[in-house]
Amino acid sequence: MDGSCKHCLKWMWVACFCFEFMLVSAEFQRFQHPVKADGSLSFLVIGDWGRKGAYNQSQVALQMGKVGEKLGIDFVISTGDNFYEKGLATPYDPHFKHSFTNIYSANSLQKQWYSVLGNHDYRGDVQALLSPILRKIDSRWLCLRSFLVNTEIAEVFFIDTTPFVDEYFRNPKHQKFDWRGVIPRNKYLTRVLKELRCALRESVGKWKIVIGHHPIRSIGHHGQTKELITLLLPILEAYNVDMYINGHDHCLQHLSSITSPLQFFTSGGGSKAWKGDFDYLDGGGDDEIKFYYDGQGFMSVELTPTNAKIAFYDISGNVLHSFNSNQLYYTYSTEM
């Protein structure tokens, strides 16, 4: 082998190493999002929505626009299952415009959307959903596997929870999942959890919020996710995370931990809901359940350095449930 060939091989190896390093590092990309002039922050949370306007998706979007204008929201969070039933086929799939761009058209919703993947998104072409091509079609869209948004007073950690669920791998029930970028699974999960620990350890935000598609605690149709209880929950409690927000169960709910100040919120009522479909908590009492609604709707979050105000809305814009974190933490401290 002559010198020029050795030189070429050297740079090919360096290029491959750098590419692999970028893939690992990109697992938890960081984004900055400014707060309002007064230091506050507000955003909406919606999940399980993409049905081309059907199942009241358009009505939910209409009310989101009204609430978004009233609150002067800074961005929108999607908790996954963005496009039913099988994600997107390609980055140019018209489903993207029919279920996202054309539906969430209110002026107040023309803000950045931060999205995680849901299990239905994994049933399509995952690379299409993650593709920067979608951001060229609609600049609001940002969907990655796991990432962090720093907003000065709050840090929001987005976690790809679908690969955690054992059932999708051992009993797919004739469902095909696109596991590119996930296999080998154990290595992928180890890396995600390590990145989360590191990010939480370094966090200086007043509020720590973690977003995932699957619930940790839930009385909805799917119920609790045992893999997240085992692998994710101890990390959230160890690093004093304030909120875990998810979708997956097509409902709205709030549950409160009896062992820590951590609050669990489900915002999965973006379109099709499951009326009358609920379950009970395993190993938990009714004192954990603060609110449950088996219909469509969404959630708002308003943050200041000293308080978090959360509200749930139905398809008519009615406030179904609201509370302030000051009240919750006072209750927790007196009980302890």
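What you see is a predicted model, and the numbers here were worked out from it, not measured in a lab. In what follows, residues are counted from 1 in the order of the sequence shown.
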- Message: Applying a strict under-4.5 Å side-chain criterion to I, L, V, M, F, W and Y, I'd like to know whether L71 and V76 cluster together.
- Response: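 Same cluster.
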
- Treat each ILVMFWY residue as a node, draw an edge where side-chain heavy atoms are under 4.5 Å apart, and state whether L129 and W179 are in one component.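 Yes, it is one cluster - the side chains of L129 and W179 are joined through contacts under 4.5 Å.
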
Measure from the ring center of [X] to the ring center of [Y] and say whether it is less than 6.0 Å.
X: F100; Y: W141; result: yes
X: Y55; Y: W274; result: no
X: H95; Y: Y84; result: no
X: H214; Y: Y168; result: yes

Between [X] and [Y], does any side-chain donor sit less than 3.5 Å from a side-chain acceptor?
X: E237; Y: T259; answer: yes
X: E195; Y: S146; answer: no
X: S42; Y: K36; answer: yes
X: S78; Y: W49; answer: yes
X: D249; Y: Y292; answer: no
X: Q57; Y: R51; answer: no

Within the supplied structure, the quantity of interest is the number of heavy atoms (other residues, nucleotides, ligands) at a distance under 6.0 Å from [X] [atom1]; does it exceed 12?
X: N107; atom1: CG; result: no
X: K194; atom1: NZ; result: no
X: E69; atom1: CD; result: no

Which atom names give the shortest non-hydrogen contact between [X] and [Y], and what distance separates them?
X: G50; Y: S99; result: C-OG, 3.6 Å
X: S325; Y: N307; result: OG-OD1, 3.1 Å
X: T151; Y: A154; result: OG1-O, 2.6 Å
X: V45; Y: F298; result: O-CB, 3.6 Å
X: T101; Y: R140; result: CA-NH2, 3.6 Å
X: F164; Y: L231; result: CD2-CD1, 3.9 Å

Can you tell me how far [atom2] of [Y] sits from [atom1] of [X], rounded to the nearest 0.5 angstrom?
X: T304; Y: N324; atom1: OG1; atom2: CG; value: 9.0 Å
X: N246; Y: R217; atom1: CG; atom2: CZ; value: 12.0 Å
X: I133; Y: Q127; atom1: CD1; atom2: CD; value: 11.5 Å
X: S271; Y: Q59; atom1: OG; atom2: CD; value: 11.0 Å
X: Y104; Y: D138; atom1: OH; atom2: CG; value: 12.5 Å
X: I235; Y: L233; atom1: CD1; atom2: CG; value: 9.5 Å

- Stepwise salt bridge (charged side-chain N to carboxylate O under 4.0 Å, His left out) check, D74 with K111: CA-CA 7 Å; D74 299 285; K111 302 291 177 68; over 6 Å; no

Between [X] and [Y] (side chain of the first, backbone of the second, donor and acceptor by atom type, cut-off under 3.5 Å), is there such a pair?
X: E155; Y: V149; result: no
X: N82; Y: V116; result: yes
X: S108; Y: G65; result: yes
X: T190; Y: N186; result: yes
X: S316; Y: N318; result: no
X: H98; Y: K52; result: no
X: D121; Y: G118; result: yes
X: S139; Y: R135; result: no
X: Q296; Y: V60; result: no
X: T225; Y: L228; result: no

- Message: What verdict does the salt bridge (charged side-chain N to carboxylate O under 4.0 Å, His left out) test give for R180 and D178, after you've listed the backbone C-alpha separation in whole Å, the side-chain angles of each residue and the deciding distance to 0.1 Å?
- Response: CA-CA 6 Å; R180 288 177 297 168; D178 181 1; 2.7 Å; yes

- Task: May I have the step-by-step check of side-chain contact (heavy atoms from CB on, under 4.5 Å) for Y188 and I183, ending in yes or no?
- Result: CA-CA 7 Å; Y188 178 80; I183 303 299; over 6 Å; no

- Task: Before giving the answer on salt bridge (charged side-chain N to carboxylate O under 4.0 Å, His left out), spell out for E202 and R30 the whole-Å C-alpha distance, their side-chain angles and the decisive distance to 0.1 Å.
- Result: CA-CA 13 Å; E202 297 170 359; R30 295 170 180 258; 3.2 Å; yes

Do [X] and [Y] have side chains that get closer than 4.5 Å, going by heavy atoms?
X: Q112; Y: F31; value: no
X: K97; Y: P94; value: no
X: F96; Y: F83; value: yes
X: F177; Y: R123; value: yes
X: T266; Y: L252; value: no
X: I211; Y: T79; value: yes
X: I159; Y: V210; value: yes

- Task: Run the numbers on S256 and Q263 for side chain to side chain donor-acceptor pair (under 3.5 Å), then give the verdict.
- Result: CA-CA 5 Å; S256 180; Q263 306 299 312; 3.2 Å; yes

- Item | Candidate pair F147 and F158, rule ring-ring contact (aromatic ring centres under 6.0 Å, His included), full reasoning | CA-CA 5 Å; F147 60 102; F158 294 78; 4.3 Å; yes

- Name of the residue among N119, D81, T162 meeting side-chain hydrogen bond (donor to acceptor under 3.5 Å, both in side chains) with H248: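 Exactly one option meets the side-chain hydrogen bond (donor to acceptor under 3.5 Å, both in side chains) with H248, and it is N119.
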
- Is R185 paired with D166 through a side-chain N to carboxylate O contact shorter than 4.0 Å?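 Salt bridge: yes.
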
- Of all residues at least two apart in sequence or in a different chain, which pass the ring-ring contact (aromatic ring centres under 6.0 Å, His included) check with F291?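 For F291 the ring-ring contact (aromatic ring centres under 6.0 Å, His included) partners, ignoring immediate neighbours, are F312, H321.
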
- Query: Could you go step by step and tell me if Y114 and H33 meet the side chain to side chain donor-acceptor pair (under 3.5 Å) rule?
  - Reply: CA-CA 11 Å; Y114 297 109; H33 200 112; 2.8 Å; yes

- Where do S218 and Q253 land on the side chain to side chain donor-acceptor pair (under 3.5 Å) test, with the steps shown first? CA-CA 8 Å; S218 172; Q253 61 179 318; 2.7 Å; yes

- Query: Among V241, L200, L236, which residue meets the side-chain contact (heavy atoms from CB on, under 4.5 Å) test with F157?
  - Reply: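 Going through V241, L200, L236 one by one, the side-chain contact (heavy atoms from CB on, under 4.5 Å) with F157 is satisfied by L200 alone.
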
